[in-house]
Amino acid sequence: MFPYGAQYYRSPNPPQVDWDDDFRTMREYGFTVVKVWAMWNWIHAAEDEFDFSHIDRLLELAERHGLKLIINTILENAPYWLINRSRDQFYEASDGQRFEPITRSNTPGGGWPGLCLDNAPARATAEKFLRAIGSRYVDHPALWGYDIWNEVFQEIHGYAGFEGRYFCYCDASKARFVEWLKARYGSIEELNRVWYRRYGDWSDVYPPRYLGGYPDWLDWLKFRVENQRDQMRWRVSVMRSVDSKHPLTSHGIAYTLHGLPTQLTNDFDIAPEVDQWGLSAFPMAANQHASDYFRMVDLVRSACQTTPRLLGPELESGPNRREFWQNELQGGQSVGGLGRSRVVTGRDIALWNWMSFMCGATGLMYWQWRPELLGQESPGYGLCRVDGTPTDRTDAAGWFAQFMNANPELSAAEPIRGDVAILFLPESELFTFVADGKTDAYADDAHGVYRALWNVNVQVDFCTIDRVGDYKLVLLPFPLMIEAEHARKLVEYVRNGGVLVSHTAPAQHIDHGYASFRVPGLGLDEMFGCEQDVLEYVPAMVQGDVDPPAIEWQSMRIPCAVYQEKLIPTGGTVFARYSDGTPAVVDHCFSRGKARLIGTCLGASHIRTLDHEPELLIRDGLRFAGIEPAILTLDTALKARLMRGEFAHYLWVLNTSYERLTSEVTLSFSLGSWTNASDLVTGESSLLTRNSLSVTLEPLTGTVYRLG
């Protein structure tokens with residue numbers, strides 16, 4: 001069974017009178033799974049009283065219609081009887097204001113965002129609720145499993161009335177932070193040394209509330225991120241204590257590259273905690289370009305490939321590879337009060353399905369089957385109309401449900417490894433936020449690098465420092481802060497034959513945010529074969545109509561973004577210069593590998609202007625590393641991905657343009673040699689000539705070939 005379905009029930013909607021007909025219709029369309037919200041404040045009616053009648057009925061209907069149910073355990077809505085006696089356990093903002101639970105667009109029954117689960121009494125009551133669910137349904141034949149945490153992120157950040165404030169500063173959170181510091185530093189003397197303080201004892205220590213310092217804020221953010229992961233571990237352990245038979249799934253919102261300091265979720269840390277990890281995505285609501293959706297999906301896919309066992313030269317697999325789902329995909333027009341997105345069509349649904357599956361999703365769920373009936377999200381997001389009648393969106397979803405279940409070999413196949421990886425160093429993003437109050441510089445640089453390569457169909461993975469050795473070429477965006485252990489591993493990677501391309505001022509700041517005496521810091525200057533002369537801040541240089549400084553390369557002018565770092569070669573070779581003749585890019589052969597330092601943020605330059613010139617210099621990193629992309633497409637609108645199954649390879653292709661497209665896909669012989677391709681959609685066969693396949697696709701449509 002391929003898990004394909006939709007979110008259906010969120011108390012109190014849809015009305016119970018419609019459930020039987022809706023489940024029947026979903027099954028007729030080929031859906032196999034349905035997700036329902038088990039909301040804490042709706043079920044936990046009193047301290048020792050639970051009302052499971054609605055979940056019981058939904059499971060009964062699922063069994064009748066041959067569907068499997070995923071129970072989404074929602075703790076972000078505390079019962080009112082608990083709220084009334086637990087006002088000291090509310091989330092507390094950095095300005096001291098407590099967040100009294102309310103009704104919100106995604107919680108029409110009230111009680112959002114619940115209580116801060118750093119508080120032991122609140123956690124104990126939540127644990128009772130989770131155990132009650134797991135023990136009740138552990139043997140139910142219609143149960144698929146549990147979504148143990150819906151959209152793992154700090155939901156309150158940025159909420160209306162709390163803009164610019166941070167969470168949580170309740171007494172329990174502060175106490176946990178102090179215990180975390182004790183474990184990290186061992187003594188108050190060591191904390192004083194690192195933070196540059198004169199605390200008398202641990203009772204003097206409290207978390208920072210306003211930006212200004214580096215060591216304390218970096219530790220506070222690291223603690224909050226780790227605490228988020230630890231809360232996931234707690235939820236998993238509680239459910240596992242009563243149900244060890246069913247899978248545990250969860251999903252975030254793929255904000256790791258720009259929302260880590262505020263949303264507190266690191267996909268790479270959370271994914272290993274559950275059996276299946278995924279994401280929510282609302283491409284129309286966010287007005288996303290196709291590259292944005294690919295980037296989100298590739299990020300989460302990469303996070304699900306932690307510490308893999310490699311099978312062959314290109315396959316990502318093994319016991320630690322988590323299943324990757326598109327857990328929550330926009331099903332209809334988004335609604336937020338009076339505002340609405342463009343109407344979602346069946347063609348949009350099909351496009352998002354093609355993108356999800358060609359990136360490796362092994363399950364797909366919509367938000368949601370019917371439109372919401374209550375609150376600011378009403379009447380939005382439904383695959384169907386409000387009365388439950390189907391639409392062209394339902395038809396498109398039904399086609400994919402049936403197609404994926406008719407071709408089980410597709411979900412068993414796995415993505416090949418990307419041509420290149422973007423290295424995610426959490427400290428670089430955290431420092432950007434602590435220094436600037438936002439992550440734009442880091443995120444723009446990372447996003448721009450991805451898009452420059454996506455434009456020409458280069459498959460980009462994301463990796464952590466422990467996986468750089470899996471890639472011949474690693475790209476390092478906005479690395480202003482690098483910690484010593486990570487710098488050591490970067491040097492080791494290059495020394496062992498890897499190729500590293502870094503943007504401006506690597507390790508300008510080192511552990512705890514301290515400025516380095518030499519840049520690049522931590523010995524990276526030897527690896528890069530150069531050092532920093534001066535670092536100019538581009539916004540300060542651009543006044544009025546003055547153009548930003550630029551790199552001159554191959555008769556092109558490439559504008560600098562964020563910084564202009566002028567370099568002094570100390571063993572490396574100048575590859576490109578600024579307009580004033582000073583070195584801008586330095587290449588260096590180091591032991592068995594190579595390193596390139598670029599004195600500006602090319603990714604930010606590209607994403608902010610979409611100019612072609614920064615893109616070309618980013619892509620030159622492939623030439624520098626001696627890499628020929630595994631899959632070439634003649635038309636940039638044509639995207640192609642290859643997956644490897646047990647008995648065959650599968651080539652997914654997608655036309656991302658609004659015009660009919662005929663083009664050619666060429667596969668590297670390093671991946672294999674093929675002479676024919678069977679279209680699994682049309683049933684037609686085509687011949688390959690020297691691993692090249694001609695494809696014709698209608699606008700925003702795709703297909704998949706079995707290669708032979």
Side-chain angles (χ1 to χ4, degrees), residues 254 256-258 279 281 283 286-303 305 324 326 351-361 415-424 442-463 471 473-478 501 503 561 601-623 625 627-643 651-658 661 663 665-668 695 697 700 702:
T256 296
L257 296 180
H258 68 280
L279 76 156
N287 196 28
Q288 288 182 331
H289 185 268
S291 66
D292 297 321
Y293 186 81
F294 266 93
R295 185 191 68 244
M296 292 173 65
V297 176
D298 278 338
L299 171 69
V300 177
R301 170 185 59 80
S302 298
Q305 294 169 343
F324 154 53
Q326 170 47 270
L351 174 67
W352 302 336
N353 271 260
W354 286 120
M355 290 194 288
S356 299
F357 294 135
M358 70 191 298
C359 289
I416 65 169
R417 185 190 301 158
D419 295 307
V420 58
I422 294 175
L423 173 60
F424 171 61
Y442 177 86
D444 286 354
D445 206 27
H447 293 177
V449 170
Y450 179 91
R451 179 152 181 180
L453 296 170
W454 178 90
N455 285 345
V456 290
N457 197 61
V458 172
Q459 181 179 322
V460 178
D461 293 350
F462 295 88
C463 76
Y471 299 91
L473 172 61
V474 168
L475 306 175
L476 184 58
F478 206 73
V501 175
H503 289 176
C601 300
L602 285 180
S605 179
H606 176 55
I607 205 71
R608 294 174 182 181
T609 64
L610 297 184
D611 287 343
H612 190 51
E613 292 80 6
E615 175 185 333
L616 292 176
L617 188 49
I618 291 170
R619 282 160 40 192
D620 187 71
L622 296 171
R623 180 204 58 79
I627 292 175
E628 289 289 337
I631 307 174
L632 295 174
T633 58
L634 289 183
D635 192 307
T636 57
L638 179 63
K639 303 304 170 189
R641 294 288 177 95
L642 188 69
M643 295 193 191
L651 177 66
W652 296 75
V653 291
L654 174 65
N655 177 8
T656 60
S657 76
Y658 289 86
L661 179 150
S663 187
V665 180
T666 301
L667 304 171
S668 169
V695 298
L697 295 167
L700 304 180

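Basis for what follows: all heavy atoms, side chains included, without hydrogens, waters or symmetry-related copies. Worth saying up front: this structure is predicted, and the values here are computed from it rather than measured.
In this structure, the side chains of His258 and His447 come closer than 4.5 Å at one or more pairs of heavy atoms. At least one side-chain heavy atom of Glu615 sits less than 4.5 Å from a side-chain heavy atom of Asn455. Residues Leu654 and Leu351 are in side-chain contact: their nearest non-hydrogen atoms beyond the backbone lie under 4.5 Å apart. Here the side chains of Pro477 and Ile422 are in contact, with some heavy-atom distance below 4.5 Å. Put simply, the side chain of Phe324 reaches to within 4.5 Å of the side chain of Val297, judged on heavy atoms. Side-chain contact check for Leu475 versus Leu423: every heavy-atom pair is 4.5 Å or farther apart.
A salt bridge links Arg608 with Asp444: the distance from a Lys NZ or Arg NE/NH1/NH2 to an Asp or Glu carboxylate oxygen falls below 4.0 Å.
In terms of modelled atom types and a separation under 3.5 Å, the side chain of Asp419 and the main chain of Ala630 share a donor-acceptor contact. A donor-acceptor distance shorter than 3.5 angstrom exists from the side chain of Asp445 to the backbone of Gly603, with no hydrogens or angles considered. Remark: side-chain polar atoms of Asp298 are not paired, donor with acceptor, to backbone N or O of Asp461 under 3.5 angstrom. Checked by atom type and distance alone, the side chain of Glu628 never pairs as donor or acceptor with a backbone atom of Leu622 at under 3.5 Å. In this structure a side-chain-to-backbone donor-acceptor pair under 3.5 Å is missing from Lys639 to Trp652. Under the 3.5 Å distance criterion, the side-chain polar atoms of Ser356 are left unmatched by any main-chain donor or acceptor of Ala361. In this structure, the side chain of Asp611 does not engage the main chain of Glu613 through any donor-acceptor pair within 3.5 Å. Ser302 contributes no side-chain N or O that, together with a main-chain N or O of Cys463, makes up a donor-acceptor pair within less than 3.5 Å.
Using bins of under 30°, 30° to 60° and over 60° for the plane-to-plane angle, the ring pair His289/Trp454 lands in the perpendicular bin.
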Q | Pair Asn655-Ser657, side-chain hydrogen bond (donor to acceptor under 3.5 Å, both in side chains): steps then yes or no | A | CA-CA 6 Å; Asn655 177 8; Ser657 76; 2.7 Å; yes

Q.
As a quick check of understanding, evaluate side-chain contact (heavy atoms from CB on, under 4.5 Å) for Leu667 and Leu651, giving each step before the final call.
A. CA-CA 10 Å; Leu667 304 171; Leu651 177 66; 4.0 Å; yes

Q | Derivation of the side-chain contact (heavy atoms from CB on, under 4.5 Å) call for Phe462 and Leu257 | A | CA-CA 10 Å; Phe462 295 88; Leu257 296 180; 3.5 Å; yes

Q.
Would Leu697 and Val653 count as a side-chain contact (heavy atoms from CB on, under 4.5 Å) here? Give the steps.
A. CA-CA 9 Å; Leu697 295 167; Val653 291; 4.0 Å; yes

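Closest approach of Ala281 and Met296 over heavy atoms only: CB-CE, 4.3 Å. Between Cys359 and Phe294 the shortest heavy-atom distance is SG-CD2, 3.5 Å. Scanning both residues, Leu473 and Val420, for their nearest heavy atoms gives O-CG2, 3.4 Å. Pairing each heavy atom of Ser605 with each of Pro614, the nearest pair is OG-CG, 3.4 Å.
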